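The structure presented is a predicted model; accordingly, all values stated were derived computationally and were not measured. Just follow the structure's listing: the first ligand is 1, and inside any ligand the first atom is 1. FYI, the numbering just counts along the sequence from 1. Just the heavy atoms: all of them, side chains too, but no hydrogens, waters or symmetry mates, feed the values below.
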Amino acid sequence: MSDEDVAGRGGHRLDRIRLTGVSATGYHGVFPHERREGQTFVADVVAHVDTRRAAATDDLAHTLDYGALAEQVVAVLAGEPADLIETVAERIAATVLGHPQVQAVDVAVHKPQAPITVPFGDVVVEVRRDRTWLPAAEPLAADAPRWHPVAGPSPASAPAEPDPAGEPLAVVPAPVAPAPVVPAVPALAPPDPDPLALAAATTVLPAAPPPADPPGPVPGPVLPEARPADDDVVDAELVQDALDAAPDGPVEVVLAIGSNLGAAQDTLRDAVADLAAVPGVEVLDVSALARTAPVGGPEQPDFLNAVVIARTTLSPRDLLRATSGIEQAHGRERQVHWGPRTLDIDIIVYGHVSAVTDDLELPHPRAHERAFVLQPWAQVRPDAVLHGLGGGPVAALAATAPDRDGVRWLALDWLTAPVPAALPDPGAADDAAAADPLGRLDP
Ligand SMILES: Nc1ncnc2c1ncn2[C@@H]1O[C@H](COP(=O)(O)OP(=O)(O)OP(=O)(O)O)[C@@H](O)[C@H]1O
Ligand SMILES: Nc1nc2c(c(=O)[nH]1)N=C(CO)CN2
């Protein structure tokens, strides 16, 4: 199997969960006797994931449960027959990628009893698939039946029956209940009494059942949509995860907006209006405007930052699409990491959802250490609590954040007040702290 590293966001090597030698009797093969009699198939799986959150919390709910994974692999091996072990490998890869926290997967399917006419040790097909190089087969369906060589699919709950010839059925793969699926990363915080937030946490990322639970009706994996079997144009959009699911009801979200290029205050005002105009987004509150020293990146002008509290019925990823669209409409370019920008919109929290995926991380992974986010947030929601790793009461985090001294001033009426002459270029005057052009709040 490929031993090449898989890089996660930021270029770091992803961690690996390796499961080897999972075996089951399956009915794959092109020959009738293979379909009839079955043989042993063995699979090795390496899931490439970021295990830090699970390790930090020592919580199974934040990683891939290898027990559940093994059951899913067996269900594919012992499931619907395919002619080729290539197809079996793709099905396993698709099933493993159904776990949103898995960024890439290596699968090897061995067929040690393959009908080969010369002595041989093993024959194995190895594939690596990820979210850009997608599997070319369907994943295991949540309600996949076990396979019977004579009768075909049969409900997992049905007892073995004699076959028409009066003989007991020869080989019935072990009943495999659809494996419980570990959610992307469920909320770390205790359930929020706010029914909206709770709905978000439980609907978007359902909590994992405790490992000791007997197999029962559990939600299946969030799977790629069906596609024609021989469609070799693989559409990256087809792989979905829990962050694509719309919530049952409106969810409160916190968005951080920032700008340090062009007419920053006008841009931020427009951004608030643009957000309010997105169908499925209702702006509830907008914080004071902060003038902040740049954190990280090259030398650049001060930022203007604010926080928007909104309510949304969009899925987390649809919300990200909407915010990215607004950034682009305001001429956002990504040339320099943490470089100057006309408009930046970060999703700080989406209800109590916690998730780490390639394109969206919730809560925003750096929010807990950014006074330019925390101070405006605490100003508009003094009792807010940031959940997740490094979280805590927002006001307290703001008071200790490393960049707290860079938050120069806060202006309350920035949405309605005319833009003062001193403001168009936030980076122009370094003595802005002293010469507060709006003279409102002193942080
Ligand atoms: N919570 C989140 N909010 C917004 N973007 C996110 C989030 N989590 C992950 N991303 C991803 O981050 C990518 C890069 O975002 P962006 O260029 O705005 O980063 P940045 O603002 O320069 O840095 P930072 O993420 O540290 O604020 C986005 O395209 C998006 O897919
Ligand atoms: N003061 C300040 N510094 C930053 C900001 C920002 O909005 N304000 N955004 C960054 C990347 O999102 C990096 N650094």
Side-chain angles (χ1 to χ4, degrees), residues 8-11 50 53 100 103 131-132 184-185 204 236 241 243-244 253-261 264-265 267-268 271 275 287 289-308 310 312 314-328 330-351 353-377 386-391 398 401-410 426-427 430 432-433 443:
R9 201 167 161 243
D50 180 348
R53 188 181 289 263
Q103 302 302 326
R131 297 194 178 281
T132 57
V185 184
V204 178
D241 63 34
L243 297 182
D244 292 302
V253 297
V254 176
L255 307 174
I257 57 178
S259 170
N260 71 342
L261 262 190
Q265 184 171 342
T267 305
L268 294 185
L275 284 168
S287 77
L289 184 68
R291 183 174 185 130
T292 68
V295 173
E299 204 171 314
Q300 56 187 311
D302 277 1
F303 278 80
L304 293 182
N305 286 109
V307 156
V308 176
T312 189
L314 299 180
S315 71
R317 219 168 249 127
D318 280 341
L319 181 64
L320 178 66
R321 283 190 195 103
T323 56
S324 304
I326 295 172
E327 286 178 348
Q328 275 165 21
H330 286 276
R332 168 74 190 269
E333 287 179 1
R334 290 188 165 79
Q335 278 162 354
V336 183
H337 183 50
W338 287 349
R341 68 258 333 256
T342 48
L343 179 62
D344 185 33
I345 307 179
D346 287 338
I347 304 175
I348 302 304
V349 294
Y350 178 102
V353 169
S354 296
V356 181
T357 70
D358 237 10
D359 61 333
L360 183 56
E361 207 164 324
L362 294 167
H364 189 285
R366 288 165 286 286
H368 66 279
E369 60 186 21
R370 289 180 163 178
F372 65 80
V373 171
L374 298 162
Q375 282 204 21
W377 185 4
L386 171 64
H387 67 280
L389 212 54
D403 61 322
R404 61 188 180 281
D405 294 336
V407 179
R408 309 275 167 89
W409 44 258
L410 296 167
D430 237 345

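Applying the side chain to side chain contact (heavy atoms under 4.5 Å, CB included) rule to P294 yields the partners Q300, D302, F303; only residues at least two apart in sequence or on another chain are considered. Residues satisfying the side-chain hydrogen bond (donor to acceptor under 3.5 Å, both in side chains) criterion with R341, sequence neighbours excluded, are D344. For D403, the salt bridge (charged side-chain N to carboxylate O under 4.0 Å, His left out) test picks out no residue, with sequence neighbours left out.
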Walk me through whether L362 and T357 qualify under side-chain contact (heavy atoms from CB on, under 4.5 Å). CA-CA 9 Å; L362 294 167; T357 70; over 6 Å; no
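Taking 4.5 Å as the limit, every side-chain heavy atom of I347 sits out of range of all side-chain heavy atoms of P316. When side chains are defined from C-beta on, Q265 counts as touching L289, because their heavy atoms get closer than 4.5 Å. With contacts defined as side-chain heavy-atom distances shorter than 4.5 Å, the pair D346/V373 does not qualify.
Every heavy atom of R321 sits 4.0 Å or more from the atoms of ligand 1.
The nearest non-hydrogen atom to atom 6 (C) of ligand 1, considering only D359, D346, L243, comes from D359. Of the listed options V356, L360, I345, L360 places a heavy atom closest to atom 7 (C) of ligand 1.
The atoms of ligand 1 that sit less than 4.0 Å from any heavy atom of R370 are 24 (P), 26 (O), 27 (O).
Using a 4.0 Å heavy-atom criterion, the residues that approach ligand 2 are T292, A293, P294, V295, F303, N305, W338, R341, D344, D346, R370, F372.
A donor-acceptor pair under 3.5 Å links the side-chain atoms of N260 to the main chain of P301, judged by distance alone.
Heavy atoms of L320 found under 4.0 angstrom from ligand 1 belong exclusively to the side chain.
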